[in-house]
S.K.: 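The structure follows.
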Number of protein chains: 6
Amino acid sequence: MQRPSGRRPDQLRDISLEAGASLYAEGSCLAKFGNTHVLVTASLEENLPSWMRGQKRGWVTAEYGMLPRATHTRGRREAASGKQSGRTQEIQRLIGRGMRSVVDLTALGERQITLDCDVIQADGGTRTAALTGAWVALKQACLVLQAEGLITQNPLKAQVAAVSCGIYQDTPVLDLDYQEDSSAQADANFVLAQGLGLVEVQATGEERPISEDELLSLLSLAQKGCERLFAAQRAALGL
Amino acid sequence: MQRPSGRRPDQLRDISLEAGASLYAEGSCLAKFGNTHVLVTASLEENLPSWMRGQKRGWVTAEYGMLPRATHTRGRREAASGKQSGRTQEIQRLIGRGMRSVVDLTALGERQITLDCDVIQADGGTRTAALTGAWVALKQACLVLQAEGLITQNPLKAQVAAVSCGIYQDTPVLDLDYQEDSSAQADANFVLAQGLGLVEVQATGEERPISEDELLSLLSLAQKGCERLFAAQRAALGL
Amino acid sequence: MQRPSGRRPDQLRDISLEAGASLYAEGSCLAKFGNTHVLVTASLEENLPSWMRGQKRGWVTAEYGMLPRATHTRGRREAASGKQSGRTQEIQRLIGRGMRSVVDLTALGERQITLDCDVIQADGGTRTAALTGAWVALKQACLVLQAEGLITQNPLKAQVAAVSCGIYQDTPVLDLDYQEDSSAQADANFVLAQGLGLVEVQATGEERPISEDELLSLLSLAQKGCERLFAAQRAALGL
Amino acid sequence: MQRPSGRRPDQLRDISLEAGASLYAEGSCLAKFGNTHVLVTASLEENLPSWMRGQKRGWVTAEYGMLPRATHTRGRREAASGKQSGRTQEIQRLIGRGMRSVVDLTALGERQITLDCDVIQADGGTRTAALTGAWVALKQACLVLQAEGLITQNPLKAQVAAVSCGIYQDTPVLDLDYQEDSSAQADANFVLAQGLGLVEVQATGEERPISEDELLSLLSLAQKGCERLFAAQRAALGL
Amino acid sequence: MQRPSGRRPDQLRDISLEAGASLYAEGSCLAKFGNTHVLVTASLEENLPSWMRGQKRGWVTAEYGMLPRATHTRGRREAASGKQSGRTQEIQRLIGRGMRSVVDLTALGERQITLDCDVIQADGGTRTAALTGAWVALKQACLVLQAEGLITQNPLKAQVAAVSCGIYQDTPVLDLDYQEDSSAQADANFVLAQGLGLVEVQATGEERPISEDELLSLLSLAQKGCERLFAAQRAALGL
Amino acid sequence: MQRPSGRRPDQLRDISLEAGASLYAEGSCLAKFGNTHVLVTASLEENLPSWMRGQKRGWVTAEYGMLPRATHTRGRREAASGKQSGRTQEIQRLIGRGMRSVVDLTALGERQITLDCDVIQADGGTRTAALTGAWVALKQACLVLQAEGLITQNPLKAQVAAVSCGIYQDTPVLDLDYQEDSSAQADANFVLAQGLGLVEVQATGEERPISEDELLSLLSLAQKGCERLFAAQRAALGL
C-alpha cells in the first residue's frame, strides 16, 4: 500500500501552529496541516447570550466557515445563500463541544469566548486542524484573562486536539489529505484530551463497514498523532 | 448501579416496529423504543434533484423533525422559526448516510426515496429509533418497486439499525432513555449493518473522556442490541 | 346523487376524539374524522410574548403543520423550505380565532396556551378536525389549571367545533373527504359555538357561485354536524 | 344607532375607481373607498410559472402590500422583515381566488396576469377596495390583449366586486371604515359575481357569534353595495 | 446634441413637491420629477432602536421601496422574495446619510424619524426625487415637534436636495430620465446642502471613464439644479 | 497637521500585492495596505447564470466578506445572521462595476469569473485594497485563459485600482487607516483606470460638506496614489 501523499501510515502532514496570527483578537492561531490552513481567533465578550446569564459561569462556543475558493472548485458563499449548511453546523458544534470538554466554565466567570475558525485553504481535515488550532487560541485568550487579573484560576483542565484517520486500501492511516479522504473506505475523526482519553469519535464506513479491530487501530493512530499535536500546541505558546 | 429505568445494563426498552402505519406512503413504519415514538414514511419520487440526473443511479435521503410538544417542554416549531437547527440537520444527515450505506443506488434506478422521520413523542434515542424504523420503511418501498416491476433486483444489500449506549455511573448501558441520557457521563450512537459491521459511531464524553475499554464495551452492547433490532425489523415485515 | 364516500348528505365520517393522547402536554387530543388524523397538544407557558405582558390577561394561539407525507403525494417540509405557506398561516389563524372566541382571557391570567395541530394523515377537512380537537386539548389544559389552583374560574365560555360542508353535484353535503372536496362545486368551513351561534364562516364558490338558499342549507348541515361534534367532545373528556 | 361615519346603515363611502392610473401597466386602477386608497396594476407576462406550463391555459394571481405608513401608526416594512405576514398572504389569496372565479383560463392562453394591489392609505376595507379595483385593472389588461389580437375571445365571464359589512351596535351596516371596524361586534367580507351570486364570504364574530338572520342581513347589504360597485366599475372603463 | 426628452442640458424636468400628501404621517411629500413619482412619509416614533438608547440624541433613518410595476416591466416584490436587493439598500443608506448630514441629532431628543420613500412610478432619478422629497417630509415632521413643544430648537441645520447628472453623447446634462440614463456614458448623483456644499457624490463611468473637467461640469449642473430644488422645497412648505 | 499614522498627506501605507496566494484559484492576490489584508481569488466557471446565457459574452462579478474578528471588536458572521449587510452589498457591487469597466465581456466568451474578496484583517480601506487586488487576480485568471487557448484576445482593456482619500483636520490626505477614517471630516473612494480616468467616485461629507476645491485636491491625491498602485500591480505579476 502506497499513500497518495507518500507518507507512512502513521505520519502526520507538516504541522504548523502560529499563535498570535491576528492583530486584534485576544487569542489566535493560524493552524496548518499541510495545505489545509485554518485561521482561528478567540474573541472575548464580557456579556453572555441571554439564556446563559446569571448562572455564575461562562460559555465557550465556535463558529466555522470556509472561504468560497478554499477548495478545488468554488463553493457558494454561505452569507450569500442565506444559511449555513448542515456540514458547517455539524463542524462548529463538534469544535464547541471539544473545547468545552476541557473548560471549567465556572472558573471562566460570566463571559463568553467565541472561536471563529475560518478555512483559508482546504486539503482535507479542516475540522481537526480547526479544533487543534482553536485550543491554542483559547489558551492564549485565557492567559490574557489571567494576566489582566480578570480571572484568578486557569479555566483549562487539559489540552485538547483532533486528528482524522481512515482506512485506505484496507490499511489504517493517519491524517488524510483530500485525495486520500475521497478514496478512503472509511474515515474517523478523533478528539482527544491530553492525559485523559477520548472526548469524541465520529467514524463512518463510507465504502464498507469498519471492523472492531480496525476501530482500535484507528484509535491507536489517533493517539500517536495527538501526542505530536499536543507537543506542537505547547511549542506554539512557548509552554 | 441501578438504572433509573430499572432495566439491566444490556436491556433494550420495549421495541415495537409497525410497518405500513401510513395510508399513502410507499413504505412506512411507526417505530417505538419505549416512550419514544417516531413515524417514518418512505416516499418514492420518479424524478431526481437536478444535480443527480443522468447518472443512471438513484438517491436515498432523509428528513427529520420533531413535533413541538414531543418533549417535556414545548420547543419552537422549526417551520415557524424559518430554519432547521444544527441538531436536526446532524440527525437527518446521519440517517441518510446510514441508509445509503446498504443501498445499491444503481439498482434503484433514476428515482429518489425520501425518508421522513417525524418524532411524535420523545424520550431519548429519537435518532436511533428513526434510523431503525427508516430501514423498515425503505425496505417496504423497495418491495413495492419490485412488485410493480419497476426494478428487477433488490437494491438493499443488508439490514441496518441503530442504538444508543452510554456510560451511566461508570457502567456501560444500552438504549438510554431521556432521564438516563441527561445524567450519563458519556453517550454513543452506533449504526450497524447486519452481518457486516460498524457503519457509523458517534461517541461523546459529556462529563468525562471515554477509555478504550469503555469504547469496546459500548460497541459490544450495541452489537447485542442491534441483533434484536434486526430481528424486530424482519418480524415487522414478515420476512 | 351518490357521494363518493357512500354517506348520506348529512352524515359525518366516523369521528374519534382521544383526549390525553400525548404523554407530556397539559392537554391533548388525537382527532380523527375518518382517515384525517390530527394530533393536537395544548402547551401551557407561564410567560407571555412581550407585546401581551402587563395587561392582566392571557393569550391562546395555534400553530398548524402537516407531515410531508400526510397526503397522497409528498409535500415539501416547511421547516426545510424555510417558511410556512399562506395556507398554513390561514389555517392556524382560523384555529386561534376560533378558540379565543370562547376564552375569557382575563380569567386565564397572564399565561399562554399554544395549540399545536399536526396533521399525521390528511383526507380532507384537516382544519375542522384540528379545530374540533383543539377545543378538547384546550379544555383539558384548563382543567389542569383549575385542579392545580392556578386559576379559580373556568375560562371557557362555551364549546366550539368546526365542520366543512360543500355543494357536490348541486346537493349540499356535510364533512367532505378529499375526493369529494376536490370535485365539489363549492365548499365552506363553519365554526360554531355551542348554544351561541356562528363564530366564523368561510365559504368559497370553487366551480360556480353559491346562492343564498344554498348558503342556508350549508349552515343548517353544519349546525347538525356540530351538535354531534359537541357531544363527541364532551364524551372524550367524560363531561 | 349612529354610525361614527354618520352614514346610513346601507350607505357606501364615496367610491372612486380611476382606470389607467399607471403609466406602464397593461391595466391599472386607483381604487378609493373613502380614505382607503389602493393602487392596482395588472401586469401581463408571456411566460408562466414552471408548474403551469404546457397546459394550454393561463393564470391570474394577486399580490398585496401596504406602505409602512398607510396606517395611523407605522408598520414594519415586509421587505425589511423578510417575510409577508399571514394577513398579507390571506388577502392576496382571497383576491386571486376572486379574480379566477370569473376568468376562463383557457381563453386567456398560456400567459399570466399579476394583479399588484398596493395600499397607499388605509382606513378599513383595504381588501375589498383592492379586489374591486383589481377587476377594473384585469378587464383593462384583457381589453389590451383583445385589441392586440393576442386573444380572440373575452376571457372574463362576469364582473366581480367585494365589500365588507359588519354588525355595529347590533345593527348590520355596510362598508366599515377603520373606526367602525375596530368596534364592530362582527364583520364579514363578501365577494360577489355580477348576476351570478356569492363567490366568497368570510364572516367572523369578533365580539359575539352571528345569528342566521344577521348573516342574511349582511348578505343583503353586500348585494346592494356590490350592485353600486359593479356600476362604478363599468363607468370607470366607459362600458 | 439633442436630448431624448428635448430638454436643454441644464433643464430639470417638471418638478412638483406636494407636502402633506399623507393623511396620517407627521410629515409627507409626494415628489414628482417628471414621470418619476415618489411618496415620502416621515414617521415619528418616541422610542429608539436599542443600540441608540440613553445617548441623549435621536436618529433619522430611511427606507426605500418600489412598487412592482412602477417600471416598464414588472419587478419581483421584495417582500415576496424575502429580501431587499443591494440596490435598495444602497439607496436607503444614501438617503439616510443625506438627511442626517443636516440634522442636529441632540436637538431632536431621544426619538426616531423614519423616512419611507416608496416609488409609485419610476422614470429615472428615483433616489434623487426621494431624497429631495424626504427633506420636505422631515421638515414638516420637525415643525410638528416644535409646534407641540416636544422640542424647543429647530434640529435642521440646512436644506438638502439631490439631483442626477450624466454625460450623454459627450455632453454633461442635468436630471436624466430613464431613456437618457440607459444610454448615458456616465452618470452621477449629487447631494447638496443649501449654502454649505457637497454632502455626497456618487459618479460612475458606465460606458467610459470621466475626465476631471467633466466632473466639474457635472457638479456645476448639479449646483444649478439643486438651487431650483431648494426653492421648490421652500415653496412646498410655504417657507 | 499631523496624521495619526505619521505619514505625509500624499503617502500610501506600505503596499504589498502577492499574486498567486491561493493554491487552487485560477487567479489570486493577497493585497495588503498596511494592516489591512484582503485575500482575493478569481474563480473561473464555464457556465453563466441563466439570465446571461446565449448572449455570446461573459460576466465578471465580485463577492465581499469580512472574517468576524478582522476588526477590533468581533462582528456577527453574516452566514450565521442569514444575510449580507447593506455595506457588504454596496462594496461588492462597487468592486464588480470597477472590474467590468475594463473588461471586454465579448472577448471573455460565455464564461464567468467571480472575484471573492475576503478581509482577513481590517484597518480601514478594505474596499480599495480589495478592488486593487481583484485586478491582479482577474488578470492572472485571464492569462490562464489565454495560455490554455480558451480565449485568443486579452479581455482586459486597462488596469484598474482604487484608493481612499479624506479630509483630516481640514487637510486632504491619502489612504486613510481606521483611526484616521473614524475622525476624518470627509472621505472619498476613487476608482481609476490607468491612462483613462475616473471610473467611479464615492465621496461623503461625514462631518461637514466638501468644497469644490477640496474635491479636486482629493482627486489629485487619488491619481498619485493609483499610479503607485498600478506599478505595484504590474510588479506583482511581473509585467
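Order of the sequence lines sets the chain letters (A, B, ...), proteins ahead of strands, with each chain counted from 1.
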S.K.: Heavy-atom distance under 4.5 Å to chain B: side chain of A/Leu216, backbone, both or neither?
M.R.: side chain
S.K.: Is there a side-chain contact between A/Gln233 and A/Gln194, using heavy atoms and a 4.5 Å cut-off?
M.R.: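 No. Closest side-chain heavy atoms not under 4.5 Å.
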S.K.: Can you find a heavy atom in the side chain of B/Ile15 that is under 4.5 Å from one in the side chain of B/Arg228?
M.R.: no
S.K.: Tell me, please, which residues at least two apart from A/Tyr178 pass ring-ring contact (aromatic ring centres under 6.0 Å, His included).
M.R.: A/His72
S.K.: Between B/Leu192 and chain A, which part of the residue has a heavy atom less than 4.5 Å away: side chain, backbone, both or neither?
M.R.: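 Nothing of B/Leu192, per the 4.5 Å heavy-atom cut-off to chain A.
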S.K.: Could you walk me through whether A/Val103 and A/Leu138 pass the side chain to side chain contact (heavy atoms under 4.5 Å, CB included) test, one step at a time?
M.R.: CA-CA 10 Å; A/Val103 178; A/Leu138 176 59; 4.0 Å; yes
S.K.: What part of A/Leu219 lies closer than 4.5 angstrom to a heavy atom of chain B: side chain, backbone, both or neither?
M.R.: side chain
S.K.: Quick check on A/Ser211 against chain B: is it the side chain, the backbone, both or neither that has a heavy atom closer than 4.5 Å?
M.R.: neither
S.K.: Is A/Arg3 salt-bridged to A/Asp175, going by a charged N under 4.0 Å from an acidic O?
M.R.: no
S.K.: Which bit of B/Leu215 is near chain A, if near means a heavy-atom gap under 4.5 Å: side chain, backbone, both or neither?
M.R.: side chain
S.K.: Check whether any side-chain heavy atom of B/Ile95 sits under 4.5 Å from a side-chain heavy atom of B/Glu63, and report yes or no.
M.R.: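 No; the side chains remain at least 4.5 Å from each other.
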S.K.: Please list, in residue-number order, every residue in residues 78-91 of chain A that has a heavy atom less than 4.5 Å from any heavy atom of chain B; write 'none' if there are none.
M.R.: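 Listed by number, the contacting residues are A/Gln84, A/Ser85, A/Gly86, A/Arg87, A/Gln89, A/Glu90.
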S.K.: Who passes salt bridge (charged side-chain N to carboxylate O under 4.0 Å, His left out) against A/Arg97, sequence neighbours left out?
M.R.: A/Glu200
S.K.: Who are the ring-ring contact (aromatic ring centres under 6.0 Å, His included) partners of B/Phe230, not counting sequence neighbours?
M.R.: none
